[in-house]
Each structure stands twice: as structure tokens, then as C-alpha cells.
Amino acid sequence: MSQIGITHTFELADGRSITLETGKLAKQADGSVVVKMGNTMLLATVVSNKDAKEGTDFLPLSVDYQEKFAAAGRFPGGFFKREARLSDYEILISRLVDRALRPLFPDDYHADTQVLISLISGDKNTMPDALACLAASAAITVSDIPFNGPVSEVRVSKLNGKLIVNPSVEEMEKSSLDMIVAASQKDIMMVEGEMKEISEAEMLEAIKFAHEAIRLQIKAINEFAAKVEASKGKIVKREYSHETNDADLKALVFKATYDKAYAVAKTQNPNKKERGAAFKAVIKEFIESLPEEERKAKEGLAKKYYHEVEYVAVRRFVLDERARLDGRKTDQIRPIWSEVGYLPSAHGSAIFTRGETQSLTSVTLGTKLDLQSIDRALHQGQNNFMLHYNFPAFSTGEVKPNRGPGRREIGHGNLAERALKQVISPENPYTVRVVSDILESNGSSSMATVCAGTLALMDAGVKINKPVSGIAMGLITDDKGKYAILSDILGDEDHLGDMDFKVTGTKDGITACQMDLKVDGLPYEVMAEALEQAKQGRLHILAEMAKTITTSREDYKPHAPRIVKMTIPKEFIGAVIGPGGKIIQEMQRETGAVIVIEEKDNMGHIDIVATNADAINAVLSKIRGIVAQPEVGEVYEGKVKSIMPFGAFVEFMAGKDGLLHISEVEHRRLESMDGVLKEGDKIQVKLIGVDPKTGKFKLSRKVLLPKPEQTTAQQN
């Protein structure tokens with residue numbers, strides 16, 4: 001007999017239904033919910049320790065989204081045939097959920113908390129990633145873990161001018177935008193997506209549309225929680241005490257340091273290190289002023305309270321002075337310089353420097369053999385454009401072990417990739433890899449990656465529709481409705497501000513965005529103003545980039561691979577490849593070219609790749625010879641392949657051999673082939689027939705030679 005859980009079903013605006021269920025699976029977790037839409041099912045669990053570890057002054061939250069291959073009736077690829085580390089895609093979804101949930105936990109809640117979301121049944125018509133936050137939020141809501149939610153996410157797309165929520169895979173492929181939005185009942189929390197050069201007004205419209213759908217889901221979560229309470233009793237959130245506070249010390253720190261911190265901000269020192277040292281000197285002076293016997297005990301709390309002082313002082317300075325920490329106006333972009341072709345051996349390269357942020361980006365051009373294979377539970381395919389982002393510790397003057405790309409690097413790289421792939425020409429024949437190495441960072445390095453990536457692609461000769469730039473916007477507000485929108489934010493402004501809004505696009509529209517809000521309530525009017533200010537900043541950066549390069553180079557670098565495409569009838573694919581790959585391997589060995597063949601649309605599509613034209617032309621000639629139809633009566637330049645007692649086999653067309661019988665070699669009668677021809681000789685032959693039963697070709701050499709009597713007559 002199956003366990004009966006508590007369920008709640010609600011409908012989306014288009015009539016599709018979603019079911020929330022708890023009390024049936026994973027009951028030892030603090031919270032556990034299954035979300036079902038169609039045949040797609042997600043299990044979300046949350047567990048949080050009762051107490052925080054000593055010395056922890058932040059929320060140690062981990063969010064993992066994982067797709068089980070069994071959910072789609074598939075085996076995982078690889079040797080071990082089991083799910084291993086999270087894929088980049090799963091990490092990106094984990095980040096989306098994390099960014100929506102994290103701001104809603106109480107600031108003073110510091111217990112280890114783990115949210116796990118698993119795809120346990122898959123349906124290709126229902127994208128599971130758009131349901132992950134709904135599942136996680138519902139699980140936390142019905143638990144005893146303190147949470148200022150609920151929150152939820154939806155994917156919004158635009159198809160044929162109409163906005164739709166949580167589209168199918170087929171609808172997404174035809175959409176002009178793909179955006180995931182997270183929100184509470186009142187506020188937008190997070191936005192991330194890619195677009196095909198849409199306007200700021202269209203983007204705002206999509207966010208509002210998504211928020212309406214999210215409100216419907218939040219209403220359902222609250223109704224679901226009410227059902228749980230009706231069945232199990234009131235959900236009582238746990239009591240906790242994870243912070244040690246000293247009200248007197250806090251007041252003393254504020255009184256002693258606020259004016260000094262404000263004064264540091266007012267110096268508007270553009271040097272990040274010097275400015276940081278000046279802020280640290282303020283708290284150091286205060287700690288040293290404490291009685292020696294109290295210093296060690298109060299140092300940690302004093303630094304914590306001083307962080308709040310910095311937060312308040314810098315924000316007050318920006319709002320009062322309408323100025324920035326580095327001396328800029330609110331809408332002013334830092335100085336920009338760029339250079340292309342810096343790396344002589346790369347297929348394309350660029351340096352983009354904006355203020356104290358610098359990206360060195362390279363482009364590598366490859367063939368179909370370099371395509372990235374995608375193997376997920378619900379999606380298999382190949383990717384011909386990839387962007388990788390690296391953020392070494394030295395870029396911020398720090399020492400950290402190099403452990404490979406973390407979640408932040410994967411997320412930032414994905415944002416830049418989505419921004420640039422919108423403008424890659426459909427005629428691009430290459431597999432393209434862009435690598436951004438951040439050499440210096442103070443402000444958005446992902447947006448520097450977008451700019452450097454655009455420049456490097458143009459330097460490589462990759463055809464793009466239009467250049468793309470990116471800008472990071474910030475926001476500082478107070479409780480009286482005063483606000484300042486900041487263009488091209490510094491690292492300090494990101495840390496102390498209420499919004500991190502990254503927007504990328506061409507001169508004609510937005511190609512990608514990422515927004516995180518840390519403030520309760522952002523009026524749409526302010527968001528619209530931020531988008532317009534971002535557009536102006538984006539256009540300014542594009543103009544600076546245009547001083548270096550404006551369009552893709554007419555030709556690729558001399559050492560870059562050249563790709564020539566050709567198509568052949570499907571029935572000739574085997575002839576070009578040859579038995580066991582003999583023909584194609586010989587062509588590659590002789591010419592040094594790489595030849596890639598695939599069958600598509602009942603035709604053979606061939607890519608010939610080489611760094612020089614001679615190699616490509618040689619392959620073209622050989623393949624044309626293979627697919628050409630031999631005609632009886634035609635004369636061919638042939639090559640003797642082997643000598644037999646009864647004649648010779650001659651390759652008269654690429655991949656086609658015919659028998660030159662001993663009687664067809666010369667006009668005189670030959671007793672043997674000794675000394676007449678040898679392997680490798682090039683001779684002219686005429687195709688004189690084709691055996692109707694075997695299809696074998698008959699060749700003649702003697703019909704092309706003068707007859708003996710004609711020679712004698714000419715001599716006389």
C-alpha cells in the first residue's frame with residue numbers, strides 16, 4: 001500500500017497544471033516536496049543544521065540541481081555509467097536557484113543549509129530547470145527553517161510576438177528571448193537570459209509578464225503550506241541565535257568611525273588598493289584605541305560593525321554628493337583602451353581594459369571534429385561555439401590555490417557566451433572557442449569578457465552581425481525613496497549596492513542580461529531608467545571599441561585553418577571514404593588536409609580543412625574525380641597501380657581502376673609485361689568499355705598510339 005502524501009494542484013494561465021506534493025518521499029529531510037508538471041517530476045529537499053559553527057558569520061548555503069539519467073530512460077555516458085560531478089548546465093541552474101533563495105534567509109542565520117533538487121522523471125515538452133526554484137522554495141516553506149519567502153522562478157519566451165511562460169523545447173528554439181525570472185510576491189529578485197537584440201521596453205514587458213506568473217505560483221505555495229498545516233499542525237519556524245552582539249560596542253564603533261569612513265569616501269581616490277588601505281586604517285586606529293586587555297576579545301565584533309559603518313557611509317556619500325568612490329559621475333564610464341592581434345600565434349586575440357579591469361581574450365578556430373558533445377538527461381547534441389572564462393587570484397592581488405573553474409567562472413563565462421552567440425553569422429563554418437583570461441579586476445570582468453570577445457572574434461575574421469558590448473549597472477537607495485543608478489560599477493559599489501545589473505547588446509538591442517537585487521522593492525520606473533542608462537553606457541563602450549576595430553577582418557590569419565565546403569550525392573560517400581577509410585586517409589596523408597564527411601538531407605556534406613590552398617585544391621580535385629562518372633570513349637590520365645602477367649591495373653580516375661589488358665598496351669604483340677610498364681607510371685588511357693555483368697572498366701592504351709604503318713609512311 002502506497003503512502004498518501006499531501007498534494008495541491010494549480011493551473012497556469014494557459015491551463016497547464018502543476019502539482020505540489022509532500023509527506024510521501026524523503027520524510028527525514030527538514031523539508032521535502034515533489035513538483036510535477038506533465039511527466040516531469042522534481043524532488044527538492046532541504047536540510048539545515050540546528051546550530052551554526054563557531055565563528056561563522058555568513059550563511060553556508062549550498063544548492064545543487066542534478067538530472068538523473070534514469071529520469072529519461074537513458075544511460076549516462078562515460079566509462080562508469082553513473083552520474084558524476086555536476087555538468088556546467090546543472091551548475092548554472094543551481095546558481096539560478098541559489099541567487100533567488102539566498103537573499104530571503106535571515107541575515108543572522110548562519111547554520112549549514114543544503115538544498116538538493118533532483119530531476120526524477122523527465123518530459124521533453126516540459127523544461128525542468130524552470131521548476132527547480134518552485135520546488136526548492138516550497139520545500140523550505142513547509143519546513144521549520146527560517147525563510148522570508150516564498151519565492152519562485154519562471155522561464156519566459158517570446159514566440160511570434162506573444163509572451164509565453166515555461167515554453168517547450170521546440171518553442172524555445174523559435175523564441176526571440178529566453179529569460180528566467182525569480183521573484184517574491186512583491187519584488188523581482190533575479191533575472192538572467194539571452195535575447196535576439198530586443199529593446200529595453202520589450203525586456204521590461206517580459207519581466208512584468210513573468211512576475212504575474214510567479215505571483216500565481218507563490219499563491220499556490222502558500223495554499224499548499226496551509227494544507228500542510230491543516231494536516232500536520234502549524235508550521236513553526238525554529239528559534240536560533242547565531243550571532244553574538246554587543247550593542248554598546250556597536251554604538252561606539254559607529255560614533256568613532258562613521259565620519260572618518262565618510263571622509264575616506266569623499267577623497268574619491270581612484271586607486272583601489274590605496275582606497276581600501278585608507279578604509280582599513282580607520283578600523284585599525286579604533287581597535288588600537290581600545291584598552292589593551294579588551295582588544296583581542298572585541299576585535300572581531302568591531303570589524304563586523306565597521307563593515308556596516310562602511311556600508312552606510314559610502315551609500316550616504318553617493319546619495320548626498322551624487323558622486324562615486326573613484327571620482328566619477330553616476331553615469332560616467334571609466335577610461336577604456338583596447339588592442340587586437342596581441343597574440344601572434346592565436347587565430348584571433350584582443351586586450352580590453354576598462355579602468356582596473358582587464359581581459360586578455362583569444363579565439364581558436366576548429367573543425368567539426370572539435371565540436372563539443374552535449375549529453376544531458378533530456379538533451380543530446382553538439383555545440384560549435386563555446387566561451388571559457390578564467391579568473392586567477394592575481395587579478396585581484398590575492399593568493400589562492402588554482403583549483404580549476406568554480407561556479408562563478410562557469411556562470412560568468414556562460415553569460416558572455418550567451419551575449420556573443422547571438423551575433424555569430426549562420427554561415428560561420430568553424431567550431432569557435434573563445435577564452436577570456438582576466439588579468440586585472442575591479443568591476444565587472446564578465447562584461448569586459450564580452451567586449452574583448454567581440455574584438456577577438458573580429459580580429460580572427462569570424463563574421464559577426466554587429467559588435468557587442470556589455471556594462472554592469474548598480475543601484476544605491478535609502479528608505480526615503482532617494483536613489484542613484486551607477487554605470488560601470490566598481491567592485492566596492494557591487495558589494496555595497498542594492499543591485500548588480502549586467503546588460504549586453506549591440507547598437508540595436510539587448511543580447512543578454514543578468515540581474516541580482518538585494519533590496520526589497522524596485523519600482524519598474526527605476527528599472528526602466530537603469531536600462532536606458534545602461535543603453536547609453538553600452539553605446540559609449542561600443543564607440544571606444546570602434547577606435548580599435550569596427551568589422552571582422554576580410555580574411556583569416558595565415559596560420560588559421562581554411563574550410564572549404566562541398567556536397568556530393570549520398571551514394572558517393574562510401575567511395576570517398578573507401579574500404580576501411582583507405583581513400584580518405586590516403587588523401588589526408590598526401591595533402592595534410594583534414595576531411596570531415598557527414599550525411600545530411602540525403603547528401604554528403606564535406607568540410608576540407610587546411611592552412612594552404614594547394615592542399616585544399618588537391619583534395620577537391622581528387623573528390624571531384626571520385627564522384628565524376630566515367631564515360632566510355634573518354635581519354636584519362638592514369639597511374640599504373642599494379643602489373644599482372646595479363647596486363648596492368650590503372651587508376652584512371654580517383655578511386656576507379658580499370659584493366660589495361662596486355663593486348664591493349666601496344667600495337668605489337670607482347671609476350672609479357674616485363675620492361676613495358678612499371679608501377680607508378682603515368683600513362684594516357686581510353687575507356688573502351690564496361691563489363692555489363694561486373695561493372696569492371698576496360699582500358700586501352702594502344703588506340704591512342706600511332707599505328708606502325710602510319711609511322712613508316714610519315715618517315716618516307
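Positions are given from 1 along the sequence. Source: prediction; values computed, not measured.
A salt bridge does not link E288 to R295: none of the charged side-chain nitrogens sits closer than 4.0 Å to a carboxylate oxygen. Using a 4.0 Å cut-off between charged side-chain N and carboxylate O, K329 and D331 make no salt bridge. Using a cutoff of 4.0 Å between basic side-chain nitrogens and carboxylate oxygens, E321 and R316 are not scored as salt-bridged. Between E197 and K466 a salt bridge is recorded (basic side-chain N to carboxylate O distance below 4.0 Å). Taking a cutoff of 4.0 Å between a charged side-chain nitrogen and a carboxylate oxygen, D326 and R275 do not qualify as a salt bridge. Using a 4.0 Å cut-off between charged side-chain N and carboxylate O, K304 and E308 make no salt bridge. A salt bridge links D500 to K502: at least one charged side-chain nitrogen sits closer than 4.0 Å to a carboxylate oxygen. Using a 4.0 Å cut-off between charged nitrogen and carboxylate oxygen, D64 and R407 count as a salt-bridge pair. Between R315 and D478 there is no salt bridge, since none of the side-chain N atoms of the basic residue sits less than 4.0 Å from a carboxylate O of the acidic one. Look at K421 and E194 and you find a salt bridge, because one of the NZ, NE, NH1 or NH2 atoms lies within 4.0 Å of a carboxylate O, short of that distance.
Counting only distance, with no hydrogens or angles, the side chain of E493 and the backbone of L490 share a donor-acceptor pair below 3.5 Å. In this structure, the side chain of S94 engages the main chain of E90 through a donor-acceptor pair within 3.5 Å. Using modelled atom types, one side-chain atom of S137 and one backbone atom of V151 make a donor-acceptor pair closer than 3.5 Å. A side-chain donor-acceptor contact under 3.5 Å links T113 to the backbone of A111. In this structure, the side chain of S441 does not engage the main chain of T396 through any donor-acceptor pair within 3.5 Å. Y305 contributes no side-chain N or O that, together with a main-chain N or O of A247, makes up a donor-acceptor pair within less than 3.5 Å. Remark: the backbone N or O of A52 is not paired with any side-chain donor or acceptor of H110 at under 3.5 angstrom. No donor-acceptor pair under 3.5 Å is formed between the side chain of D187 and the backbone N or O of M189. A donor-acceptor pair under 3.5 Å is formed between the side chain of K237 and the backbone N or O of I145. In this structure, the side chain of S349 engages the main chain of L343 through a donor-acceptor pair within 3.5 Å.
For the 3.5 Å distance criterion, the side chains of E440 and S395 fail to qualify, holding no donor opposite an acceptor. A donor-acceptor contact under 3.5 angstrom links the side chains of Y389 and S445, judged on distance only. Counting only N and O atoms by type, the side chains of Q536 and E532 include a donor and acceptor under 3.5 Å apart. Side-chain contact of T353 with Q358: a donor-acceptor pair under 3.5 Å is present, judged by distance alone. Between D51 and Y240, the side chains place no donor N or O within less than 3.5 Å of an acceptor N or O (distance only, hydrogens not considered).
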Margin query: Before you tell me yes or no, could you show the steps for H495 and H307 under ring pair (Phe, Tyr, Trp, His ring centres under 6.0 Å), namely the whole-Å CA-CA distance, both residues' side-chain angles and the distance that decides it to 0.1 Å?
Written below: CA-CA 11 Å; H495 180 61; H307 179 73; 5.0 Å; yes
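Summarising the geometry, atom CD1 belonging to I351 is positioned 8.0 Å from atom CG belonging to L439; distances are rounded to the nearest 0.5 Å. Summarising the geometry, atom CG belonging to L475 is positioned 7.5 Å from atom CG belonging to L517; distances are rounded to the nearest 0.5 Å. How far CG of D437 is from NE2 of H388: 12.0 Å, rounded to the nearest 0.5 Å.
Atom CD of E292 sits in a sparse spot, with 12 or fewer heavy atoms from other residues, nucleotides or ligands closer than 6.0 Å. Within a 6.0 Å sphere centred on OH of Y342, heavy atoms belonging to other residues, nucleotides or ligands number 12 at most.
Relative to the six-membered ring of F317, K266 misses at least one condition, a distance below 6.0 Å or an angle of at most 45° to the axis.
Aromatic ring orientation, F105 versus Y109: parallel (interplanar angle below 30°, classes split at 30° and 60°). Relative ring orientation between Y262 and Y258 is described as tilted, the plane-to-plane angle lying within the 30° to 60° band.
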